[in-house]
Amino acid sequence: MKILVLDPKIAGISGDMLLSALIDLTNSTDAVLDVEEAINRLENCQKFKVEVIERDMGILAKGLEIDIKERRLSSPADLRKAVKSVVDSLELSDRASKFVYRVIDDLIGAEARLHGGKFHLHEIASLDTIFDVVGTATILDREGYFDAEIYTTPPVLGGGYIKMDHGKIASPAPATLEILAAHGFRYSNFDVNTELTTPTGAALLVNLTENVVDVFPPMKLNRIGYGAGTKRVDGIVNVLRVAEGKDFRAVNDRIVILETNVDDASGEIVGHAVRRLFDEGAVDVYVTQVIGKKNRPANVISVISDYKNCHRMAEVLMRETGTIGVRIYELPRLVAERRKEKVEVELFGKKFEVTVKTSKIGERVINVKPEYEDLRKIAEGLDIPLREVLREVEKNIG
């Protein structure tokens with residue numbers, strides 16, 4: 001499977017940096033010309049000319065120089081109409097089109113939350129915003145990246161002050177924070193006197209992937225691209241790096257383990273807490289019997305969760321068991337690549353559909369396992385032991 005990794009923890013992400021990095025990665029200058037042509041057909045466009053250039057940022061990177069003469073769009077409806085016109089003329093796939101509309105809606109939504117019902121579109125009213133968003137979607141679509149596994153490092157936000165229509169405000173931009181908060185998206189930061197992640201960059205990123213990793217996942221690298229920022233920034237190389245690869249040996253992941261000791265709850269309470277944790281999305285829950293303080297029997301409830309759900313898991317633990325403290329550990333792990341598919345099997349003269357999970361490391365299959373719930377339903381429907389169903393299904397899929 002194709003893998004795409006974005007690396008905005010170097011110097012953040014903006015719309016033009018992502019588009020430039022993808023151009024550098026794929027050499028997709030034809031996509032730039034197609035989007036440029038579509039924008040020039042808009043009613044409010046007097047001139048829209050794009051030049052792809054090379055900038056030396058310490059690393060050679062692609063950049064964009066845009067010459068615009070336009071009548072600024074005045075309302076969200078006008079912006080959506082202009083975007084639809086460009087998208088329709090490019091004949092993007094359904095997935096690419098929906099991606100564009102989600103990004104635009106996030107940008108409009110952030111402005112609405114900040115300024116109320118009556119607001120101006122500010123920076124996103126310009127045609128270069130449409131170009132960044134649709135241009136990015138066009139390359140992603142033509143290169144097959146919407147079918148890829150996409151990962152990102154946590155974007156660095158930056159610092160200093162940003163000039164807005166109503167005055168200066170400390171970075172990050174309010175709209176950037178609104179977009180990250182709406183998606184519960186993790187970010188990083190360090191002390192630098194400039195904005196690094198922009199609202200458009202944030203909106204593109206959060207709609208492209210939920211897989212935030214601190215280090216590059218293991219893969220076979222194919223090619224790497226660099227998109228240049230517009231400014232020189234002391235202490236950092238102001239580029240967005242993107243990398244394409246394939247064939248994970250194993251997926252580099254991060255999990256959170258939550259633990260708490262419970263010595264004053266009944267078995268029914270503990271059992272109910274375990275069920276609630278699974279209902280809330282815990283990856284796994286297990287209970288270990290121990291001898292606790294004052295030599296009292298106790299249970300250690302351990303919960304495996306992904307990062308974004310860990311605080312909810314802690315809340316469920318406290319609410320259901322009455323514990324007043326939860327230990328939280330963040331740990332790296334390697335996970336085999338997993339795929340699910342429906343397989344038709346014939347058992348005792350009847351046909352059934354069973355979900356089969358296949359786990360691989362690279363090209364090597366390490367486990368093939370039918371879904372328990374499907375087997376249980378077949379066993380109950382045929383009124384035979386589960387182990388007999390499992391044996392017959394394994395023969396069918398072997």
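Using a 4.0 Å cut-off between a side-chain N of Lys or Arg and a carboxylate O of Asp or Glu, Arg186 and Asp214 qualify as a salt bridge. Here Asp67 does not pair with Lys49 in a salt bridge; the nearest charged N to carboxylate O distance is not below 4.0 Å. Ionic pairing of Arg72 and Glu70 is present here: one or more N-O contacts between side-chain nitrogen and carboxylate oxygen are shorter than 4.0 angstrom. Under the 4.0 Å criterion applied to side-chain N and carboxylate O atoms, Arg142 and Asp34 are assigned as salt-bridge partners. Salt-bridge formation is detected for the pair Glu373/Arg376: a Lys NZ or Arg NE/NH1/NH2 atom is positioned less than 4.0 Å from an Asp or Glu carboxylate oxygen. Comment: Asp147 does not engage Lys2 in a salt bridge, judged by the lack of any side-chain N to carboxylate O separation of less than 4.0 angstrom.
Using a 4.5 Å cut-off on side-chain heavy atoms (C-beta onward), Arg80 and Ile108 make contact. In this structure, the side chains of Thr153 and Val215 stay at 4.5 Å or more apart for every pair of heavy atoms. Side chains of Val274 and His272 form no contact here, defined as non-hydrogen atoms less than 4.5 Å apart. Two residues are said to be in side-chain contact when any heavy atoms from C-beta on lie closer than 4.5 Å; Asp16 and Asp128 fail this criterion. In this structure, the side chains of Asp7 and Phe216 come closer than 4.5 Å at one or more pairs of heavy atoms. Between Thr152 and Val213 the shortest side-chain heavy-atom distance does not fall below 4.5 Å. For the pair Tyr151 and Leu6, the minimum side-chain heavy-atom distance is 4.5 Å or more.
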side-chain hydrogen bond (donor to acceptor under 3.5 Å, both in side chains) evaluation trace for Glu244 with Tyr145: CA-CA 9 Å; Glu244 179 197 298; Tyr145 290 129; 2.5 Å; yes
Worked verdict on Arg223 versus Glu143 for salt bridge (Lys or Arg N to Asp or Glu O under 4.0 Å): CA-CA 13 Å; Arg223 48 187 178 175; Glu143 294 292 324; 3.0 Å; yes
Evaluation steps, side-chain contact (heavy atoms from CB on, under 4.5 Å), between Arg327 and Thr260: CA-CA 6 Å; Arg327 300 180 295 277; Thr260 190; 5.6 Å; no
Intermediate values then yes/no, side-chain contact (heavy atoms from CB on, under 4.5 Å), Asn222 and Lys246: CA-CA 7 Å; Asn222 291 340; Lys246 63 179 180 179; 4.2 Å; yes
Ile150 and Asn211: CA distance, side-chain angles, deciding distance, side-chain contact (heavy atoms from CB on, under 4.5 Å) verdict: CA-CA 7 Å; Ile150 302 178; Asn211 299 320; 5.8 Å; no
Criterion side-chain contact (heavy atoms from CB on, under 4.5 Å) on Val354 and Glu344, from CA distance to verdict: CA-CA 6 Å; Val354 176; Glu344 188 179 84; over 6 Å; no
Residues Asp132, Thr200; criterion side-chain hydrogen bond (donor to acceptor under 3.5 Å, both in side chains); working and verdict: CA-CA 8 Å; Asp132 290 343; Thr200 301; 5.7 Å; no
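Under the 3.5 Å distance criterion, the side-chain polar atoms of Ser188 are left unmatched by any main-chain donor or acceptor of Lys9. At least one donor-acceptor pair under 3.5 Å links the side chain of Ser89 to the backbone N or O of Val86. Under a 3.5 Å cut-off, the side chain of Asn189 and the backbone N or O of Gly158 do form a donor-acceptor pair. Although no hydrogens or angles enter the test, the distance criterion places a donor-acceptor pair under 3.5 Å between the side chain of Thr323 and the main chain of Gly325. Proximity of a side-chain donor or acceptor of Asn309 to a complementary backbone N or O of Arg312 within less than 3.5 Å is not detected. A donor-acceptor pair under 3.5 Å is formed between the side chain of Asn238 and the backbone N or O of Lys231. Panel note: side chain Ser93, backbone Ala96; a donor-acceptor pair is recorded below 3.5 Å.
Glu315 CD to Glu320 CD: the interatomic distance, rounded to the nearest 0.5 Å, is 10.5 Å. Between the CG atom in Leu375 and the CD atom in Glu392 there is a gap of 12.0 Å [rounded to 0.5 Å].
Side-chain heavy atoms closer than 4.5 Å link hydrophobic residues (I, L, V, M, F, W, Y) into clusters, and following such links, even through other members, never connects Ile269 to Val287. Linking Ile, Leu, Val, Met, Phe, Trp and Tyr whenever their side-chain heavy atoms come within less than 4.5 Å leaves Ile23 and Leu33 in two separate clusters. Under the 4.5 Å side-chain heavy-atom criterion for ILVMFWY residues, no single connected hydrophobic cluster contains both Leu60 and Leu64. Note: the hydrophobic cluster containing Val256 does not contain Val300 (ILVMFWY, side chain heavy atoms under 4.5 Å, direct or indirect links).
Tested against Asp141 for a side-chain contact (heavy atoms from CB on, under 4.5 Å), the candidates Leu90, Asp94, Leu92 yield a single pass: Leu92. The side-chain contact (heavy atoms from CB on, under 4.5 Å) test with Leu73 singles out one residue from Val83, Asp78, Thr129, and that residue is Asp78. Between Val285 and the choices Leu258, Ile304, Val303, the side-chain contact (heavy atoms from CB on, under 4.5 Å) rule is met once, by Val303. Here the rule is side-chain contact (heavy atoms from CB on, under 4.5 Å) with Lys62, and of Asp24, Asn27, Ile53 only Asp24 fits it.
Within the structure, the side chain to side chain donor-acceptor pair (under 3.5 Å) test picks out the following pairs touching residues 285-299 (sequence neighbours left out): Asp263-Arg296.
A 6.0 Å sphere centred on NZ of Lys84 holds no more than 12 heavy atoms belonging to other residues, nucleotides or ligands. Remark: Phe278 CZ is packed, more than 12 non-hydrogen atoms of other residues, nucleotides or ligands lying under 6.0 Å away. Within 6.0 Å of the CG atom in Asp56, the count of heavy atoms belonging to other residues, nucleotides or ligands exceeds 12. Other residues, nucleotides and ligands place more than 12 heavy atoms under 6.0 Å from the NE2 atom of His183. Within 6.0 Å of the CD1 atom in Ile324, the count of heavy atoms belonging to other residues, nucleotides or ligands does not exceed 12.
Looking at every heavy atom in both residues, Pro297 comes nearest to Ile291 through CA-CD1, 4.2 Å.
In this view, Phe190 and Val156, Val192, Leu196, Ile236 satisfy the side chain to side chain contact (heavy atoms under 4.5 Å, CB included) rule, not counting sequence neighbours. By the side chain to side chain contact (heavy atoms under 4.5 Å, CB included) test, Phe48 pairs with Glu36, Ile39, Asn40, Cys45, Val50, Ile66, Ile68, Leu127, Phe131, sequence neighbours left out.
For the residue pair Thr355 and Lys342, a side-chain donor N or O sits within less than 3.5 Å of a side-chain acceptor on the partner.
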